Each structure stands twice: as structure tokens, then as C-alpha cells.
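On a predicted model such as this, the values are computed, not experimentally measured, just so you know.
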Amino acid sequence: MDKKGFFWEEFIDRILKLQYSRKSFLRISATFLVTLLFSSSNVRKALAKTTEKLPPRTKMIVKTEHDAVVVTGKDPGKITRKAVQTLGGMERFVKKGAAVVVKPNIGWDRTPEYAATTNPEVVSEIVKMCFEAGAKTVKVFDFTCNEAGMSYNNSGIQDAVKKAGGSVSFVDDWKFYPGQFPDGAAMSDWPMYRDAVKCDCFINVPIAKHHSLTRLTLSMKNLMGVCGGSRGSMHWNISDKLVEVTKFIQPDLTIIDAYRILLNHGPRGGNLQDVLKKETVIASADPVLADSYATTLFGLKPEDIECIPIAHKMGLGKMNIKEANIKILTA
């Protein structure tokens, strides 16, 4: 029997045997009520919201060898490693003893070949590189659209991360706190996931794919997975909101999985005819530039995706691909 079970059994037994005075009875009853109160996740969540607001993350300043690196090849893990190494190495982003968050897209109950979720081999290789660089912990999670257990399992990400030594967890409602967004922001006081903010390094790992509302979902759109509240409400004025979330989270490293891309019927997918193998990974400390380059894989331009020019104007990154130092390799 666990400690809680033993406590309650002893409590009832002693009450029945009248071994406690009225004062002792009231004290133990109060303990019971407090324990019962904090066993409710809804109550814990409400209390958390009244005691703390999350400030935005501070992006680490990292000098990389290139503004972005694009690598193509047959092996998802190999091209991911090559991209990060060419950028300057994971140790530039992950310091010894660091608490790292890796945020893939695990939103849908789909297997990897449908290109609705991030390739598990890409995620696994990132987790391995983080530990090689000296990370103390590597947490992987997403606020899923489909049922979390099925999405984590069928995407292949749960097993891949565990085998790489990382920690996989479901999003816990009580860990959402109102974010300290600027006055008048579209995301004002929007609930943000604490674990995504309180980390030493945040690595955003979206899959590049079609989206019925935003045309494409790339790194900025992937950050919806650390936002609480109503998904439907976020779709109103979504481009401004995605930029504000990006500014709030300030991802230190963006690695876009374009090994397979979804051309139509996104973000959920479900038809293999909509999937195209590009066998590509894009890595950059600049999320705007990473997204800008990713648009070209779909025959589009950065300005075709509304949130990209907005983010550029806010100073979150570059969108002019021709002027950027982009290294393109084959592995």
C-alpha cells in the first residue's frame, strides 16, 4: 500500500476507535481537505494562474557559421546531424548541464509516412546531439489536437525519444500560466506552457506542410503547441498571434523537417498521394529565415505566408533568402 493509502486507513481506524481528541480530529480533517483540494488539477491550475505570470524567454545569443544550413540526403538522422554540425554544432546552443526543450509536431494520430507529424528520426538525432553537447535533461512534448497517447505512439516520436534517452511527457493542464505579453497584444494573457518557457534552450522542430488556413505550417505555426486556451480562438487574427508567440518563446534553434512534406489537405493529412519526399532538413538560429527558405520547397515565396513579413518587420529575423548566408549541402 502506498503512503497515501496507509494514511487514510489509519485516519479512519483511529477515528472509529476514538483515539483522537476533538482538536486532533479537526487538525486531521483540515489535512484531509487540503490534500483533497490539491488533488484536483483544475484547482491547482486555477491557483497557479492567480500566483504567477510567465515572462517571455530570453533568446541566447549564438554566432553561427551560416545564417542557415540546408542539407538533403536519404537518411533523416544523418542530414539532421550534418545541418547542425555545419551551422556550428549543437554545443553552441546546448551548454553542459542545460535543461533543453525539443518541440516537434506530434499533433496528429498519424504514422510518419503521412507527413502530418515531425519525422521521429529527425527528433531522435536532435535529442542525441543535445546529450552529446552536455544537456542534463531533454524534454519532448506537444499540445496535441488528436488524442495524446495515440498521437505520441503512432507518430513514432515517443519510442524514438525514449531510445535516445530523452523524456517524453503529455501536456499537463495545470502548467499553463498567463503569458506576460505587451499591452494591446493579440495574445494578451494567453495561457502558455511553463515547461516551454522555463528552459535553458528551446529547439523548435516542425514539419513543413500545407495548412488550410495559413497556407503552410512551419516553425512559427508549430509554436501553437505550447499555447493553451481555445485553438479555435487562436485562428482569429492568427498571423499576428503566431508572431507574438514566436517573440515570446524566442526559439534558440529551429530545425525544419522537410524529409517528407505534405502538399495538400493539411494539417491533418491522411492521403499518401499528398506527400512528397524532399529529403531535406533546414537548420537556423533565425526562425523567420528558416520559414522563408521552407516556402521555396512548395514553389512559394516568403511573402506568400502572411506571418513571415510581419515577423521580419518586428525584427525577429530575415526573410530575404538571396541576401542571407545559406549553406546548401548533400549528405
Side-chain angles (χ1 to χ4, degrees), residues 40-59 99 101-108 118 139-146 148 151 169-206 211-252 254 266-267 287-288 290-291 305-317:
S40 167
S41 63
N42 288 333
V43 172
R44 284 184 291 150
K45 180 181 177 183
L47 288 174
K49 286 187 175 182
T50 64
T51 58
E52 181 181 354
K53 283 191 176 183
L54 282 175
R57 286 191 72 250
T58 300
K59 185 182 180 75
V101 165
V102 174
K103 166 59 180 76
N105 186 325
I106 326 176
W108 306 99
T118 306
K139 294 182 179 181
V140 179
F141 52 79
D142 192 13
F143 191 13
T144 63
C145 299
N146 289 156
S151 299
S169 62
F170 298 134
V171 167
D172 195 337
D173 285 348
W174 76 272
K175 289 186 177 182
F176 282 104
Y177 293 73
Q180 291 182 359
F181 290 91
D183 292 341
M187 290 291 290
S188 181
D189 284 339
W190 203 279
M192 304 296 292
Y193 200 55
R194 186 187 67 184
D195 288 3
V197 177
K198 294 184 177 295
C199 62
D200 299 312
C201 178
F202 187 101
I203 304 175
N204 194 13
V205 195
H211 193 278
S212 57
L213 178 62
T214 58
R215 200 166 184 181
L216 294 181
T217 170
L218 302 167
S219 77
M220 285 188 272
K221 180 70 169 59
N222 193 50
L223 293 176
M224 279 185 68
V226 300
C227 303
S230 167
R231 295 291 181 97
S233 297
M234 275 202 76
H235 287 159
W236 178 261
N237 197 20
I238 189 169
S239 294
D240 286 335
K241 288 176 180 174
L242 294 181
V243 173
E244 290 177 5
V245 171
T246 302
K247 186 176 181 180
F248 186 90
I249 294 295
Q250 293 280 19
D252 301 299
T254 296
V288 182
D291 283 4
I305 308 303
E306 189 177 27
C307 63
I308 292 178
I310 297 173
H312 172 71
K313 289 178 182 178
M314 285 186 65
L316 298 184

Would you mind reporting whether [Y] and [X] have side-chain heavy atoms less than 4.5 Å apart?
X: M224; Y: H235; result: yes
X: I249; Y: V197; result: yes
X: N105; Y: P206; result: no
X: I308; Y: V288; result: yes
X: K175; Y: F141; result: no
X: L218; Y: H211; result: no
X: L242; Y: L223; result: no
X: L54; Y: Q180; result: no

Taking all non-hydrogen atoms of both residues into account, name the closest pair between [X] and [Y] and its distance.
X: H312; Y: G317; value: ND1-O, 3.0 Å
X: C227; Y: F176; value: C-CE2, 3.6 Å
X: M314; Y: K247; value: CE-CD, 3.6 Å
X: N204; Y: K103; value: OD1-O, 3.4 Å
X: V243; Y: C307; value: CG2-O, 3.4 Å
X: S151; Y: N146; value: OG-CB, 3.5 Å

Taking only residues two or more places apart in sequence, or in another chain, which ones meet [X] in a salt bridge (charged side-chain N to carboxylate O under 4.0 Å, His left out)?
X: K241; result: none
X: K59; result: none
X: K139; result: D195

For [X], check side-chain contact (heavy atoms from CB on, under 4.5 Å) against everything at least two apart and list the hits.
X: D200; result: A98, A99
X: S230; result: S233
X: R215; result: L300, D304, I305

Spatial distance of atom [atom1] ([X]) from atom [atom2] ([Y]) [nearest 0.5 Å]:
X: I106; Y: F143; atom1: CD1; atom2: CZ; value: 13.0 Å
X: N222; Y: T118; atom1: CG; atom2: OG1; value: 6.0 Å
X: L213; Y: I238; atom1: CG; atom2: CD1; value: 5.0 Å

Tell me every residue that passes side chain to side chain donor-acceptor pair (under 3.5 Å) with [X], counting only those two or more places apart in sequence or in another chain.
X: S212; value: none
X: D291; value: S219
X: E306; value: S239
X: S188; value: none

Legend entry - Ring centers of Y193, Y177 separated by less than 6.0 Å: no
Inset, instruction - Please check if the side chain of Q250 supplies one atom and the backbone of T58 the other of a donor-acceptor pair under 3.5 Å. - result: no
Inset, instruction - Would you confirm whether E244, through its side chain, and A185, through its main-chain N or O, come within 3.5 Å as a donor-acceptor pair? - result: no
Legend entry - Which residues share a ring pair (Phe, Tyr, Trp, His ring centres under 6.0 Å) with F248, sequence neighbours left out: F181
Inset, instruction - Check step by step if side-chain contact (heavy atoms from CB on, under 4.5 Å) holds for D252 and R57. - result: CA-CA 10 Å; D252 301 299; R57 286 191 72 250; 2.8 Å; yes
Legend entry - Listed once per pair and sorted, the salt bridge (Lys or Arg N to Asp or Glu O under 4.0 Å) pairs that draw on residues 218-240, sequence neighbours left out: none
